[in-house]
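Below: the structure, in structure tokens.
These numbers were taken from a predicted model, which means no experiment stands behind them.
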Amino acid sequence: MKNKTLPRSRLRFILASLKFDRRQFGEGLLIGALFSLFIYLEHFGLRFELLNSLAILYAYYRLFKASQGTLVVAGFFIGTFWFYWVGFSFRYVDMWWMIPLISLVFSLGYTFIFWLIGFVSHPLLRMPLFFGLIFYEPLSFNWFKPELPFIHTYFGIQLWQFALILATLALVVYFKERRWHPALLLLLVGAVDYSSEQKSPKLPLDTKVVQTSLDQSKKWLPGERRRIVLMNFAYIAQAIHEGKKLIVLPESTMPLYLNLNPHLQKQLKVFSQEIDIIIGALLWEDENAYNATYFYSGGNEQIAKKMILVPFGEYIPLPKFLRDLINKAFFDGGNDFKTADAPTDFEVQGEKLRNAICYEATYELFYRGGIKYIVAISNNAWFVPSTEPTLQKLLIQLYAKRHGVTVLHSVNGSQSMVIGY
């Protein structure tokens, strides 16, 4: 009998820990909205440093005070507001029904994390837990960075500044019964960013960063291939006419295995006598497929293979038997892409440009090692219309500012830009 009732007891315990009233629901929703506000303001072209600063400070302050029920609601809405778009790519494999399920998985995932944090009520003990979310990368997905909301505020985005902000707010909550506890906010002065935002550094040469709008539902159709190839050649010819020295085109803008099309490689090598070319396409090598960047300069070709793949997009981060099952069920038995072992640098006019393909541009690893420039290529057509391109841009801005790197970002489906600090 005890063995039969034990599971029910555990279930009641879990359900009891999730109880919350209307006040907790409203407070959790408010925290989730304030924590995510910076994404939506940026998405609509609005940037108010004062509003962003006050919103995220108050959100974290409430997180330190919140009950477990409030944290559960806050985690749900943070997961939703940040990642509702993740399943949008399933539109292109005729599995629309997966979109709300994937969104729910992310919402519940962050619900669970904040529920766990809710077991610790002391604000000074919650502080390292919130800071530790920096290292939380479920299934290798790293786009939730708890310091990211400070990117366009009066505060710095170095990790020590983020730690100081959290420690200050935790101390304010801890000493809330003392009259002088608001004075602790003066500690925030130490986290203020006193450096003035600089203009983008001068690029090593005159560069054209291309933005395209290829429809993802048609891009890979055989009948569209010739038109798309000619479009890319037209961009290159126009850049030569404009006197540019380097052109950067988006991820997989050549919708084919470029190394299996020697006539296209030959034409690109001819173009590269007049302009350096960085262009995205696929690579087939040793019976394996790679997402790749091709670099043409002076009639020569260099190929950079993608190192960091998109989880569940380019590979399945699960044991092999589950990976094979999912690939068979959802992707017609296709295999995961293969990867490079290290980032690839292109040398352009004596300057190193580190290659980053889409997801890689949001990995801090690529910004280390004293690199000055990153050339990033993306295809955001999988997820538009949504806030995905905005979140990607904010993450790139975070790492570019933290490490003093300039990023040349060429995109299909959303805005291309040069990001630098």
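Taking the six-membered ring where the residue is Trp, the centroids of F271 and F233 are separated by under 6.0 Å. Under the 6.0 Å cut-off for aromatic ring centres, Y92 and W382 qualify, their centroids lying closer than that. For F35 and Y60, the gap between ring centers is short of 6.0 Å. Aromatic ring centres of Y363 and Y359: separated by under 6.0 Å.
Between F131 and F135, the ring planes are perpendicular. Angles over 60° get that label, and only those under 30° would be called parallel. Between W115 and F112, the ring-plane angle classifies as tilted under the 30° and 60° cut-offs. Ring pair F141/W85 is tilted by interplanar angle, where 30° to 60° counts as tilted. Ring geometry for Y367 versus Y399: interplanar angle of 30 to 60°, hence tilted. Classified by interplanar angle (parallel below 30°, tilted 30° to 60°, perpendicular above 60°), the ring pair Y296/Y294 is parallel. Classified by interplanar angle (parallel below 30°, tilted 30° to 60°, perpendicular above 60°), the ring pair Y136/Y110 is perpendicular. Ring-plane geometry between W82 and F144 is classed as tilted, the angle between the planes lying from 30 to 60 degrees on a 0 to 90 degree scale.
Two residues are said to be in side-chain contact when any heavy atoms from C-beta on lie closer than 4.5 Å; L394 and L398 fail this criterion. At a threshold of 4.5 Å between non-hydrogen side-chain atoms, the residues F346 and T293 count as touching. I99 is listed as a side-chain neighbour of F88, based on a closest heavy-atom distance under 4.5 Å. Residues N288 and Y290 form a side-chain contact, since some pair of their non-hydrogen atoms from C-beta on lies under 4.5 Å apart. Here the side chains of L37 and L51 are in contact, with some heavy-atom distance below 4.5 Å. Taking 4.5 Å as the limit, every side-chain heavy atom of I151 sits out of range of all side-chain heavy atoms of K145. Proximity of T212 to M231: side-chain heavy atoms (C-beta onward) are separated by under 4.5 Å at one or more points. Residues L116 and L129 form no side-chain contact, since every pair of their non-hydrogen atoms from C-beta on lies 4.5 Å or further apart.
Between the side chains of D215 and S217, at least one donor N or O sits under 3.5 Å from an acceptor N or O. Side-chain contact annotation: N142 with E364, donor-acceptor N/O pair under 3.5 Å absent. For the residue pair S414 / K393, no side-chain donor-acceptor distance below 3.5 Å is found, with atom types taken as modelled. Side-chain contact check for Q392 and E388: no donor-acceptor pair (N or O, by modelled atom type) lies under 3.5 Å. In summary, the side chains of T70 and S67 do present a donor paired with an acceptor at a separation below 3.5 Å, with no hydrogens or angles considered.
Atom CG of L171 is separated from atom CG of L166 by 11.0 Å, given to the nearest 0.5 angstrom. Atom-to-atom distance recorded for L57:CG and I165:CD1 is 6.5 Å, nearest 0.5 angstrom. Considering CG of N412 and NZ of K219, their distance stands at 5.0 Å, rounded to 0.5 Å. One distance of note links CZ of F155 with CD1 of I56; it measures 10.5 Å at 0.5 Å rounding. Separating the CD1 atom in I279 from the CG atom in L249 is a distance of 4.5 Å, to the nearest 0.5 Å. For the atom pair CG of L29 and CZ of F81, the computed distance is 5.5 Å after rounding to the nearest 0.5 Å.
E251 places no side-chain N or O within donor-acceptor distance of the main-chain N or O of I357, the cut-off being under 3.5 Å.
In this structure, R354 and L365 approach most closely via the heavy-atom pair NH1-O, 4.2 Å.
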Could you go through H409 and V411, starting from their C-alpha distance and side-chain angles, then the distance that decides it, and tell me whether this counts as side chain to side chain contact (heavy atoms under 4.5 Å, CB included)? CA-CA 6 Å; H409 192 197; V411 190; 3.5 Å; yes
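Screening N379, L282, I228 for a side chain to side chain contact (heavy atoms under 4.5 Å, CB included) involving P255 leaves a single residue, I228. With E27 as reference, R62 is the one residue of K65, R62, R22 to meet the salt bridge (Lys or Arg N to Asp or Glu O under 4.0 Å) rule.
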